[in-house]
Amino acid sequence: MKIDRSFVNDRKTRKDARAVVEAAHALDLRVVAEGVETSAQRDMLLKMGCDELQGFVFARPMPAHTLLEWSKGNKPADGVDFAPSTMIDT
């Protein structure tokens, strides 16, 4: 289940977001939060129990060839380390 960035950006909906995460986990669903732009948002969503996070705090949009190189460990100088998805069988 994906949590919309509106839950991430608006402090007023934090209680609702927590309820969505708890409901998804009760149904054995993984929770992905999108639109994570700051480390504070990242920390809050991790505390809520989100399983996956995506957003500018990790990487800006990039061309497919750059993403492929990044996934091989050839990250841009200003990029974060690439971590394989937990959804991929290794």
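One is the number of the first residue; the rest follow in order along the sequence. For the numbers below, each heavy atom of this structure counts, side chains included, while hydrogens, waters and symmetry mates do not.
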* To do: Working to the nearest 0.5 Å, report the span between CZ of Phe56 and CZ of Arg5.
  => 7.0 Å
* Structure fact -> Rounded to the nearest 0.5 angstrom, the CG-CD1 distance for Leu45 and Ile3 is 6.5 Å
* Please answer: with hydrophobic residues joined when any side-chain heavy atoms are less than 4.5 Å apart, are Leu68 and Met62 in the same cluster? => no
* To do: Would you kindly confirm whether Met1 and Val32 end up in one hydrophobic cluster when ILVMFWY residues are joined by side chain heavy atoms under 4.5 Å apart?
  => no
* Look up atom CZ in Arg42 and atom NZ in Lys47, then write down how far apart they are to the nearest 0.5 Å. => 11.0 Å
* Structure fact -> Tightest non-hydrogen contact, residues Val21 and Cys50, listed as CG2-SG, 3.9 Å
* To do: Report, as yes or no, whether the 6.0 Å neighbourhood of atom CE on Met44 holds more than 12 heavy atoms from other residues, nucleotides or ligands.
  => yes
* Structure fact -> So CG of Leu53 and CE of Met48: to nearest 0.5 Å the spacing works out to 11.0 Å
* To do: Report the C-alpha distance between Glu52 and Val31 in whole Å, list the side-chain angles of each, state the deciding distance to 0.1 Å, and finish with yes or no for side chain to side chain contact (heavy atoms under 4.5 Å, CB included).
  => CA-CA 6 Å; Glu52 303 277 344; Val31 178; over 6 Å; no
* To do: Given side chain to side chain contact (heavy atoms under 4.5 Å, CB included), test Val36 with Gln41 step by step and report yes or no.
  => CA-CA 6 Å; Val36 184; Gln41 290 172 335; 4.1 Å; yes
* Start with the C-alpha gap between Lys2 and Glu34, add the side-chain angles, then the distance that decides, and say whether side chain to side chain contact (heavy atoms under 4.5 Å, CB included) holds. => CA-CA 7 Å; Lys2 192 176 241 187; Glu34 66 176 14; 3.4 Å; yes
